[in-house]
> 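Could you have a look at this structure, given as C-alpha cells, before my questions?
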2 protein chains.
Amino acid sequence: MKKNSQPAAGLALVRGELLNPNCPSRELLKRITSRWTMLVMLALRENTLRFSEIRRAIGGISERMLAQTLRYMEEDGLLIRKAYEVVPPHVEYRLTPLGREASKHVLALTDWLESHFPLIEQQRSDRQNAG
Amino acid sequence: MKKNSQPAAGLALVRGELLNPNCPSRELLKRITSRWTMLVMLALRENTLRFSEIRRAIGGISERMLAQTLRYMEEDGLLIRKAYEVVPPHVEYRLTPLGREASKHVLALTDWLESHFPLIEQQRSDRQNAG
DNA sequence: CAGGATCCGCTAGGATACTG
DNA sequence: CAGTATCCTAGCGGATCCTG
C-alpha cells in the first residue's frame with residue numbers, strides 16, 4: 001500500500017464495475033482493446049522489437065498509428081521504450097511484466113477467435129441462406 | 001466482400017495469423033472487441049435480458065448503438081434474439097454457447113483489467129510526476 | 001531509423017424524433 | 001417496448017511530407 005492516493009487503490013473492485021458508465025476503467029478498456037494495441041501486444045508477446053520491425057510484423061499499420069499506439073501503451077505502463085543515443089536512431093520496445101500479463105489474456109481471446117473463425121463464418125453464411 | 005480462393009475454412013489457423021493484414025479474422029476481432037460488444041457480453045454473461053434491460057445495465061449506451069451492436073452479435077452467432085409476438089413487444093436476448101465461450105475470455109480480460117486498474121493509474125501519475 | 005506535423009476522409013457514435 | 005430514421009460531430013486513422 002503506497003500512500004493516500006486514491007480510495008480505489010485499496011478497494012476490492014467487483015466484477016462488472018465496467019457496466020457503470022462513470023467507471024474510469026472503461027477508458028482503459030477502450031485503449032487496451034483498441035485495434036492496434038492488441039496487435040502490438042501480439043507482436044511483442046515474446047520479442048523485443050524496433051519501431052520498423054513492429055511495423056513490418058503488423059501488416060497495414062501506418063507510422064502515425066503505430067507511434068500513437070506505442071505512446072499510449074507506454075503511458076499505461078504496458079511497454080518500455082528504450083532509446084539508444086546513436087545515429088541513426090535505435091529504439092527498442094518490449095512489454096513490461098504488466099503488459100505481458102495483459103497480453104496473455106489478449107492472446108487467449110485471439111487464439112479462441114482464430115480457431116473459431118471458420119465456424120463463425122460458416123454459421124453466418126448458413127443464416128444468410130436460411131433467411 | 002468475398003475473396004476467391006481463401007483456404008481459411010479448412011486450414012489449421014496458426015497463432016499470429018491476425019498479424020497478417022489480409023486475415024479476415026481481423027474484422028471479427030474488431031467487432032468482438034468493440035467498445036459496446038464487450039459490455040453487452042458482460043451484461044448477458046449469465047442473464048437473459050430484454051432490450052431496455054440491457055440498456056439500463058450498460059450505462060451510457062444509446063438506443064442506436066445498442067441495436068446495432070445486438071444485430072452484429074446476432075450475425076456473428078454470439079447471441080440469440082427471441083421476439084414474442086405480443087403487444088407491447090417483448091424481445092429477449094441471450095448468449096449462444098459460442099457467445100458464452102467468447103465472453104469467458106472477455107471476462108478474464110476485464111477482470112484482470114479491473115483488478116489492475118488502480119496500479120496502472122498510479123504508475124501513470126508516478127511517471128508524470130517523474131517526467 | 002524513428003518519428004512529428006499536417007491535411008483530410010470516413011465512420012463510430014450521440015441526440016432527437018418517430019413508429020408498430 | 002423495441003426499435004428505425006435522420007442529422008450531426010468528434011476523433012480514428014490513412015497518406016504524405018518533413019526532421020534530427
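Throughout, protein chains are lettered first and strands after them, A, B, ... in sequence-line order, and every chain is numbered starting at 1. Keep in mind that what you see is a predicted model, and the values were worked out from it rather than measured.
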> Send over the distance from Ile61(A) CD1 to dA2(C) C1', rounded to a whole Å.
14 Å
> Counting side-chain heavy atoms from CB outward, which of dA2(D), dG20(D), dG4(C) is closest to Pro89(A)?
dG20(D)
> Find the distance Trp36(B):CH2 to dG13(C):P and express it as a whole number of Å.
8 Å
> Do any side-chain nitrogens or oxygens of Arg35(A) fall under 4.0 Å of OP1 or OP2 in dG14(D)?
yes
> When the nearest nucleotide of DNA chain D is assigned to Pro88(A) and to Tyr72(A) on a heavy-atom basis, which residue is associated with the more 5' position?
Tyr72(A)
> For Lys82(A) and dG3(C), what is the distance between atoms NZ and P respectively, to the nearest whole Å?
15 Å
> Toward the 5' end of DNA chain C, which comes first, Lys30(A) or Glu92(A), by nearest nucleotide?
Glu92(A)
> Kindly assign one of parallel, tilted or perpendicular to the pair Tyr93(A) and Phe51(A), based on the angle between their ring planes and the thresholds 30° and 60°.
tilted
> May I ask you to say what Arg55(A) touches in the nucleic acid, namely base, sugar-phosphate or nothing, with a heavy-atom cut-off under 4.0 Å?
nothing
> Quick check on dG3(D): is either OP1 or OP2 less than 4.0 Å from any side-chain nitrogen or oxygen of Tyr93(B)?
yes
> In whole Å, I'd like the distance from the CD atom of Glu27(A) to the C1' atom of dC12(D).
14 Å
> Return the minimal non-hydrogen interatomic distance between Ala43(B) and Leu19(A), and the atom names on each side.
CA-CD1, 4.2 Å
> When you get a sec, tell me which of dA2(D), dG14(D), dA2(C) is the closest nucleotide to the side chain of Ser62(A)?
dG14(D)
> Which heavy-atom pair separates Glu74(A) from Arg127(B) by the least distance, and what is that distance?
O-NH1, 3.2 Å
> Which pair of non-hydrogen atoms, one from Leu79(A) and one from Leu44(A), has the smallest distance, and what is that distance?
CD2-CD1, 4.1 Å
> Starting at CZ of Phe51(A) and ending at C1' of dG20(D), how long is that distance when rounded to a whole Å?
15 Å
> Look at the side chain of Arg124(B) and the backbone N and O of Glu75(A), then say whether any donor-acceptor pair between them is shorter than 3.5 Å.
no
> Expressed as a whole number of angstroms, how long is the span from Leu66(B):CG to dA12(C):C1'?
15 Å
> Tell me whether the side-chain N/O atoms of Arg50(B) come closer than 4.0 Å to OP1 or OP2 in dC1(D).
no
> Side chain of Arg81(B), heavy atoms from C-beta onward: which of dG14(C), dA2(D), dG3(C) has the nearest atom to it?
dA2(D)
> Among dC1(D), dA2(C), dA5(D), which nucleotide sits nearest the side chain of Arg64(B)?
dA5(D)
> Whole Å only: how far is the OH atom of Tyr84(B) from the C1' atom of dA2(D)?
15 Å
> From dA17(C), dA2(D), dG13(C), pick the nucleotide closest to the side chain of Met65(B)?
dG13(C)
> Rounding to an integer number of Å, can you tell me how far Arg71(B) CZ sits from dA2(D) P?
16 Å
